[in-house]
Asker: 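Quick one: the structure is below, and I'll ask about it shortly.
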Amino acid sequence: MRVFVAGAGGAIGSRLVPQLINRGHEVIGTSRSPVNAERVRALGAEPMALDLLDAGAVRTAVLEAEPDAIVHQATALANVRFSRNMDRTFAQTNRLRTEGTDALLAASREAGVRRFVAQSFASYRYAREGGPVKTEDDPLDPNPLPSTRQSQDAMRYLDETVTRAGGIALRYGGFYGAAGDGLVEPVRKRQFPIVGDGGGLSSFIHLDDAAAATVLALEHGEAGIYNVVDDEPAPVREWLPVLADALGAKPPRRVPRWLARLVAGEAAVMIGTESRGASNAKAKRELGWELRYPSWRQGFMAAYAQATLTERRTAHSAARTTHSPT
Ligand SMILES: NC(=O)c1ccc[n+]([C@@H]2O[C@H](COP(=O)([O-])OP(=O)(O)OC[C@H]3O[C@@H](n4cnc5c(N)ncnc54)[C@H](OP(=O)(O)O)[C@@H]3O)[C@@H](O)[C@H]2O)c1
């Protein structure tokens, strides 16, 4: 297929493009800067300049590219500053999930594009009641916290609009597997604590596994929603110490709920204590997806431990050089 990937040089896009090419697809990858265009070209795709928030430009780009399929992986989460107000943090991503999705869907209808897959999110969205692990059929949180409402609405909008148009929304778990992952610095600096009993569940996914599921969904998924998460949704109190260890960081701090609410806001308390995980049974069953990293337990080590070891060795040998007698 000729596949148009919006956000081809990003965290997930850069894993997806080589896998698509390996499977024999031809890829047109969007970017907004010459540097990123070169990155997209180096991945093996044909670069195309595009701002997804310019609907006219999206129409022109899609009509010009004449793709068989579109994959929407554009988000704006790199280098964001997390604040007490999640909606402020996610404002630009929310626009990409609403306006960007609308523009791509309109263009894809006009160009006769047959397949459409878009990035959605699984963690911290399902209703915070009942069992710990949720399927795609379980209800989303009917009462999102006020500071997360716009972001929750944007993801719901994407899920509904895409599937109504006959496309696929992939609810990914928290991405990891790259040096610049969002959790790395806060965990290294011990700024990500275990809140209360640390019983809130997270679902993770290694970027390579996320890309593999995306290829399968694109090739033969049915219209609808798929959770793309690993086999082991886990409470923060379990995964956070393992991540800290893989990063060579000190163990996470523990803070009571009231203190976390005061310092980091209500959403941080919800994520740490109440959120539910997601089940990947449908994606495995219907897509024939097999995970290389079925659990974050192996995945965190594979992603970070070698880099941590190399950094320690470098620091150690620098210290020896400094202290060696001359
Ligand atoms: N599920 C998750 O847990 C999840 C999801 C997303 C991100 N993250 C985390 O967030 C960090 C990376 O964030 P990210 O994936 O948003 O950043 P990223 O790696 O820079 O990827 C974003 C992609 O979207 C494109 N993009 C952004 N704004 C656009 C616009 N207006 N029009 C067209 N394309 C646009 C970017 O391309 P250009 O800049 O070249 O245009 C880029 O290819 C990582 O730490 C990652 O782990 C996590």
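Positions are given from 1 along the sequence. Keep in mind that this is a model prediction, so the values were computed, not measured. Values below: every heavy atom of this structure, side chains too, minus hydrogens, waters and symmetry copies.
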Asker: I need the minimum non-hydrogen distance between Leu201 and Pro233, along with the two atoms involved.
Answerer: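 Of all heavy-atom pairs spanning Leu201 and Pro233, the closest is CD2-CB, 4.0 Å.
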
Asker: Salt bridge or not between Arg114 and Asp68? Use side-chain N to carboxylate O under 4.0 Å.
Answerer: yes

Asker: Thinking salt bridges, do Asp159 and Arg171 make one under a 4.0 Å N-O criterion?
Answerer: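 Yes, charged N to carboxylate O under 4.0 Å.
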
Asker: Taking side chain as C-beta onward, heavy atoms only, is Glu232 less than 4.5 Å from Trp296?
Answerer: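 With C-beta onward as the side chain, the pair touches.
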
Asker: Distance-only, no hydrogens or angles: does the His72 side chain make a donor-acceptor pair with backbone N or O of Leu96 under 3.5 Å?
Answerer: yes

Asker: What are the two closest non-hydrogen atoms of Asn227 and Tyr126, and how far apart are they?
Answerer: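 Scanning both residues, the minimum pair turns out to be OD1-OH, 2.8 Å.
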
Asker: Find out whether Ile28 and Val5 are in side-chain contact, i.e. whether some heavy atom of one side chain is under 4.5 Å from a heavy atom of the other.
Answerer: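 No. Closest side-chain heavy atoms not under 4.5 Å.
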
Asker: If you apply the rule ring pair (Phe, Tyr, Trp, His ring centres under 6.0 Å), what do you find for Phe204 with Phe300, and how did you get there?
Answerer: CA-CA 10 Å; Phe204 286 101; Phe300 287 167; 5.3 Å; yes

Asker: Is there a side-chain contact between Leu170 and Gln119 in this structure, where contact means two heavy atoms from C-beta onward sitting under 4.5 Å apart?
Answerer: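 No, every pair of side-chain atoms sits at 4.5 Å or beyond.
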
Asker: Looking only at non-hydrogen atoms, find the nearest pair between Val255 and Ala260 and report the distance.
Answerer: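 Minimum heavy-atom separation between Val255 and Ala260: CG2-CB, 3.9 Å.
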
Asker: Sub-3.5 Å donor-acceptor pair from the side chain of Arg115 to the main-chain atoms of Ile70, do we have one?
Answerer: no

Asker: Check the pair Ser147, Asn85 against side-chain hydrogen bond (donor to acceptor under 3.5 Å, both in side chains), reporting the backbone distance first and the verdict last.
Answerer: CA-CA 5 Å; Ser147 65; Asn85 185 333; 5.3 Å; no

Asker: Roughly how far, to the nearest 0.5 Å, is the OG1 atom of Thr273 from the CE atom of Met270?
Answerer: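 If I round to the nearest 0.5 Å, the distance is 8.5 Å.
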
Asker: What's the spacing between Leu43 CG and Arg15 CZ if we round to 0.5 Å?
Answerer: 10.5 Å

Asker: Any Lys/Arg nitrogen of Arg23 or Glu219 sitting under 4.0 Å from an Asp/Glu carboxylate oxygen of the other?
Answerer: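 Yes, Arg23 and Glu219 are salt-bridged.
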
Asker: Do Ile168 and Val113 sit in the same hydrophobic cluster, where Ile, Leu, Val, Met, Phe, Trp and Tyr count as joined when their side-chain heavy atoms come under 4.5 Å apart?
Answerer: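 Shared cluster, no.
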
Asker: Say you draw a straight line from CZ of Arg95 to OG1 of Thr75; how long is it, rounded to the nearest 0.5 Å?
Answerer: 14.5 Å

Asker: Give a yes or no on whether a salt bridge exists between Glu238 and Arg297, defined as a side-chain N under 4.0 angstrom from a carboxylate O.
Answerer: yes

Asker: With side-chain contact (heavy atoms from CB on, under 4.5 Å) as the test, would you mind laying out the steps for Arg32 and Leu50 before giving the verdict?
Answerer: CA-CA 6 Å; Arg32 288 169 305 158; Leu50 182 63; over 6 Å; no

Asker: Between Arg2 and Glu26, does at least one N-O distance fall below 4.0 Å, as a salt bridge requires?
Answerer: yes

Asker: Show your working on side-chain contact (heavy atoms from CB on, under 4.5 Å) between Val27 and Ile21 and close with a plain yes or no.
Answerer: CA-CA 7 Å; Val27 181; Ile21 290 169; 3.9 Å; yes

Asker: So that I can tick it off, tell me whether Lys284 and Asp231 are bridged by a salt bridge, with the cut-off set at under 4.0 angstrom between side-chain N and carboxylate O.
Answerer: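 Salt bridge present between Asp231 and Lys284.
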
Asker: As an exercise, state the distance from CG of Leu53 to CD of Gln92, rounded to the nearest 0.5 Å.
Answerer: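 Going from CG on Leu53 over to CD on Gln92, the span is 5.5 Å.
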
Asker: What is the distance from atom CZ of Arg59 to atom CG of Asp54, rounded to the nearest 0.5 Å?
Answerer: 12.0 Å

Asker: Looking at Ser295 and Gln298, would you say the former's side chain and the latter's main chain have a donor-acceptor pair under 3.5 Å?
Answerer: no

Asker: Judged by modelled atom types alone, do Thr214 and Tyr172 share a side-chain donor-acceptor pair under 3.5 Å?
Answerer: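 Distance-only check passes for Thr214 and Tyr172.
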
Asker: Let me know which of Gln152, Arg125, Arg156 forms a side chain to side chain contact (heavy atoms under 4.5 Å, CB included) with Pro144.
Answerer: Gln152

Asker: Could you see if Val162 belongs to whatever hydrophobic cluster contains Leu52? Use Ile, Leu, Val, Met, Phe, Trp, Tyr and a side-chain cutoff under 4.5 Å.
Answerer: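 Yes, because Val162 and Leu52 connect within a single hydrophobic cluster, where side-chain heavy atoms sit under 4.5 Å apart.
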
Asker: With distance as the sole criterion, is a donor-acceptor pair present between the side chains of Tyr176 and Asp230 under 3.5 Å?
Answerer: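 Side-chain D/A pair, Tyr176 to Asp230: absent.
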
Asker: What closest approach, in Å, do Ala6 and Thr30 show between heavy atoms, and which atom pair accounts for it?
Answerer: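 It is CA-OG1, 3.3 Å.
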
Asker: Is the shortest heavy-atom distance from the side chain of Glu64 to the side chain of Met48 under 4.5 Å?
Answerer: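 Heavy-atom side-chain distance check passes, below 4.5 Å.
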
Asker: Is any side-chain heavy atom of Ser203 closer than 4.5 Å to a side-chain heavy atom of Ser123?
Answerer: yes

Asker: With side-chain contact (heavy atoms from CB on, under 4.5 Å) as the criterion, how do Ser31 and Arg39 come out once you've worked through the C-alpha distance, each side chain's angles and the decisive distance to 0.1 Å?
Answerer: CA-CA 9 Å; Ser31 65; Arg39 187 171 152 72; over 6 Å; no

Asker: Are Leu240 and Val229 linked, directly or through other ILVMFWY residues, by side chains that come within less than 4.5 angstrom of each other?
Answerer: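 No, no single cluster joins them.
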
Asker: Do side-chain atoms of Gln19 reach the backbone of Ala212 as a donor and acceptor pair under 3.5 angstrom?
Answerer: yes

Asker: Under a 3.5 Å cutoff, is there a donor and acceptor pairing between the side chains of Glu286 and His220?
Answerer: no

Asker: Give a yes or no on whether the backbone of Arg276 and the side-chain of Arg128 come within a donor-acceptor separation of less than 3.5 Å.
Answerer: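 No.
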
Asker: Under a 3.5 Å distance rule, please check whether Asp138 uses its side chain to pair with a backbone N or O of Thr135 as donor and acceptor.
Answerer: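 Yes; judged by distance alone, with no hydrogens or angles, the pair exists.
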
Asker: Taking all non-hydrogen atoms of both residues, which atom of Tyr293 and which atom of Asp209 are closest, and how far apart?
Answerer: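 Nearest pair, atom of Tyr293 first, then Asp209: N-OD2, 2.9 Å.
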
Asker: Heavy-atom count around Gln191 CD within 6.0 Å, excluding the residue itself: above 12?
Answerer: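 Yes - once you tally the heavy atoms of other residues, nucleotides and ligands closer than 6.0 Å, there are more than 12.
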
Asker: Within the distance-only criterion (no hydrogens, no angle test), does the side chain of Asp181 pair as donor or acceptor with the backbone N or O of Ala178 below 3.5 angstrom?
Answerer: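 Yes; at least one donor-acceptor contact below 3.5 Å.
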
Asker: Are Asn280 and Val228 packed together at the side-chain level, in the sense that at least one heavy-atom pair is separated by less than 4.5 angstrom?
Answerer: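 A side-chain contact under 4.5 Å is absent here.
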
Asker: Look at the side-chain heavy atoms of Ile, Leu, Val, Met, Phe, Trp and Tyr, link any pair under 4.5 Å apart, and say whether Val71 and Val58 land in one connected group.
Answerer: no

Asker: Using only heavy-atom distances, determine whether the side chains of Tyr124 and Asp141 contain a donor-acceptor pair under 3.5 Å.
Answerer: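 No pair is found: no donor N or O on one side chain lies under 3.5 Å from an acceptor on the other.
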
Asker: Quiz question: by atom type and distance under 3.5 Å, do the side chains of Tyr304 and Arg188 form a donor-acceptor pair?
Answerer: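 Checked: Tyr304/Arg188 side chains show no N/O donor-acceptor pair below 3.5 Å.
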
Asker: Taking C-beta and beyond as the side chain, do Asn94 and Thr98 meet within less than 4.5 Å on heavy atoms?
Answerer: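 Of all side-chain heavy-atom pairs linking Thr98 with Asn94, none is under 4.5 Å.
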
Asker: For Arg292, does the CZ atom have more than 12 heavy-atom neighbours from other residues, nucleotides or ligands under 6.0 Å away?
Answerer: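 Incorrect, the count does not exceed 12.
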
Asker: Test Ile225 against Ser120 for side-chain contact (heavy atoms from CB on, under 4.5 Å), laying out the working first.
Answerer: CA-CA 9 Å; Ile225 291 171; Ser120 181; over 6 Å; no

Asker: Between Glu129 and Lys134 (salt bridge meaning N to carboxylate O under 4.0 Å), is one present in this structure?
Answerer: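 No, no charged N to carboxylate O under 4.0 Å.
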
Asker: Find out whether Lys282 and Asp137 are in side-chain contact, i.e. whether some heavy atom of one side chain is under 4.5 Å from a heavy atom of the other.
Answerer: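 With C-beta onward as the side chain, the pair stays apart.
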
Asker: How long is the gap from CG on Leu207 to CD1 on Ile12, to the nearest 0.5 Å?
Answerer: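 Rounded to the nearest 0.5 Å, the CG-CD1 separation comes to 5.5 Å.
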
Asker: Under 4.5 Å between side-chain heavy atoms, counting indirect links through other Ile/Leu/Val/Met/Phe/Trp/Tyr residues: same cluster for Tyr157 and Phe116 or not?
Answerer: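 Cluster IDs for Tyr157 and Phe116 differ.
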
Asker: Can you see which heavy atom on Val133 is nearest to which on Ser279, and at what distance?
Answerer: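 That closest heavy-atom pairing would be CG1-N, 3.6 Å.
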
